[in-house]
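All values derive from a computational prediction rather than experimental measurement.
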Amino acid sequence: MNFLWREQRAKRAFLALADGTVFRGYPAGFRHDTEGEVVFNTGMSGYQEILSDPSYAGQFVTLTAPEIGNYGCNPDDMESRGTFLHGLIVHELNAPSNFRATGSLEDFLLRNRIPALAGVDTRALTLHLRDHGSQKAFLHVDDSPLIPDEAVERARAWSGLDGQDYVRSVTVDRPFEWNDSGKYRVVACDFGCKYNILRRLAAHDMRVTVVPARTTAAEILALKPDGVFLSNGPADPAAVTYAVDAIKQLLGRVPLMGICLGHQLLGLAAGAGCRRLKFGHHGCNHPVKNLRTGAVEITSQNHNYALCDLPDTLELTHLNLNDRTVEGIRHRTLPAFSVQYHPEAAPGPHDADYLFQEFASLMEK
């Protein structure tokens, strides 16, 4: 048994789902009770990148890999300026043994005030979420007395993610320059942008200016960009109405590329529908077919919603081979395209890095 668990065997922490199911474990990380939506991530590594991905705002992330923390944490693996998820659920939390580590995962959780639950049967929890869908939940890890029935009621009373604008809690306060050179000038709308997206844009000869989510189309166009990038981000795209309005005004005036939430916002601006998935896509091993080339890409994904009911103006370019959901679109007459998955990886495979070059080619034209 892990040393963290031995120290805390007497403590009875738990995760209470809104459907009344309770999963017990041992408290880890920051001792703070809170609400969140439970999802599961099937990645075998990359927990620090997951923890620092702003798209997880409002969520409890269950890691399906049984051993977590083995290689520790370090500043180089951060994917944003901080952490925004509501909690972490693991089976076994381990001490690190890796030359790159500057601290343990437990230290990282404490420093970033992230509550966590260890010792959980994460396989059982994952199967429950697959059968019953992602759920609102309440995480009890502090020392105060709380019975599971009360925690279940708190989970049910929580507002959840639907209809909520979590982008406002993760976007930057003011514009900044990511890099100072590049052939193409790109404005990146920060809805919760990961650092590796900015790195890949820069690697493809783009000078990137990052702007807050509420930046208007007029303000973006005043920067005279060669292209506009629409980033990933958290929660319900239907709640980010100001971004949809801005994208409508940008369509046809400047080349657009979107990833994840940016993909959904582009679709909504072009007249598509959007629906919630049963348990979302979270992990590094999702197969996607490129319908233009016939190639299959293994992709990194993190989203709870998906586009549907595409209008005739949008071409379906990529399809999820697990559940046949929309993974990529391209406007038939205007310079705009997007994908639901993460071509920048971090963590995950790099099969789809070519999309950044397609964005450069679109601006070149």
side-chain hydrogen bond (donor to acceptor under 3.5 Å, both in side chains) between E79 and N196, intermediate numbers included: CA-CA 7 Å; E79 277 300 312; N196 210 45; 5.2 Å; no
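- With rounding to the nearest 0.5 Å, the separation of NE2 in H140 from CG in L15 is 12.0 Å.
- In this structure Q301 satisfies the side-chain hydrogen bond (donor to acceptor under 3.5 Å, both in side chains) test together with H281, T299, H303, E327, sequence neighbours excluded.
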Residue pair E297, Y354: steps toward the side-chain hydrogen bond (donor to acceptor under 3.5 Å, both in side chains) verdict: CA-CA 11 Å; E297 304 162 13; Y354 68 89; 2.3 Å; yes
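- Note: the hydrophobic cluster containing L266 also contains V211 (ILVMFWY, side chain heavy atoms under 4.5 Å, direct or indirect links).
- With 3.5 Å as the limit, one finds no donor-acceptor pair spanning the side chains of N232 and N302.
- Under 4.0 Å is where a charged nitrogen must lie from a carboxylate oxygen, and between E358 and R330 at least one such pair does.
- Looking at every heavy atom in both residues, D353 comes nearest to H204 through OD2-NE2, 3.1 Å.
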Test log, rule side-chain contact (heavy atoms from CB on, under 4.5 Å), inputs I259 and S231: CA-CA 5 Å; I259 287 177; S231 87; over 6 Å; no
CA sep, side-chain torsions, deciding dist, call: T216, E219, side-chain contact (heavy atoms from CB on, under 4.5 Å): CA-CA 5 Å; T216 66; E219 291 168 332; 3.2 Å; yes
Stepwise side-chain hydrogen bond (donor to acceptor under 3.5 Å, both in side chains) test for S338 and H263: CA-CA 5 Å; S338 61; H263 158 81; 2.8 Å; yes
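- The two residues V141 and D33 make their nearest non-hydrogen contact at N-OD1, 2.7 Å.
- In summary, the side chains of Y166 and D236 do not present any donor paired with an acceptor at a separation below 3.5 Å, with no hydrogens or angles considered.
- Across every non-hydrogen atom of Y47 and L63, the tightest pair is CB-CD1, 3.9 Å.
- No side-chain donor-acceptor contact under 3.5 Å links N112 to the backbone of I114.
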Check against side-chain hydrogen bond (donor to acceptor under 3.5 Å, both in side chains), T317 and N290: CA-CA 6 Å; T317 59; N290 184 327; over 6 Å; no
Verdict with reasoning, E35 to K136, per salt bridge (charged side-chain N to carboxylate O under 4.0 Å, His left out): CA-CA 7 Å; E35 307 93 343; K136 296 191 294 183; over 6 Å; no
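- Between the side chain of N74 and the main chain of D77, a donor-acceptor pair closer than 3.5 Å is present.
- Contact detail for L17 and A137: the closest heavy-atom pair is CD2-CB, 3.7 Å.
- Judged by distance alone, the side chain of E106 and the main-chain N or O of G29 form a donor-acceptor pair under 3.5 Å.
- Checked against a 6.0 Å centroid threshold, the rings of Y184 and F359 do not count as neighbours.
- A ring-centre distance under 6.0 Å is not found for Y56 and F84.
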Working for salt bridge (charged side-chain N to carboxylate O under 4.0 Å, His left out), residues R276 and E37: CA-CA 13 Å; R276 175 182 262 279; E37 181 178 284; 2.9 Å; yes
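- Checked for salt-bridge contact, E344 and K194 meet the test: a charged N lies under 4.0 Å from a carboxylate O.
- Nearest heavy-atom pair, S80 versus S52, reported as atom, atom and distance to 0.1 Å: OG-O, 2.6 Å.
- Judged purely by distance below 3.5 Å, without hydrogens or angles, the side chains of Y305 and D162 pair a donor atom with an acceptor atom.
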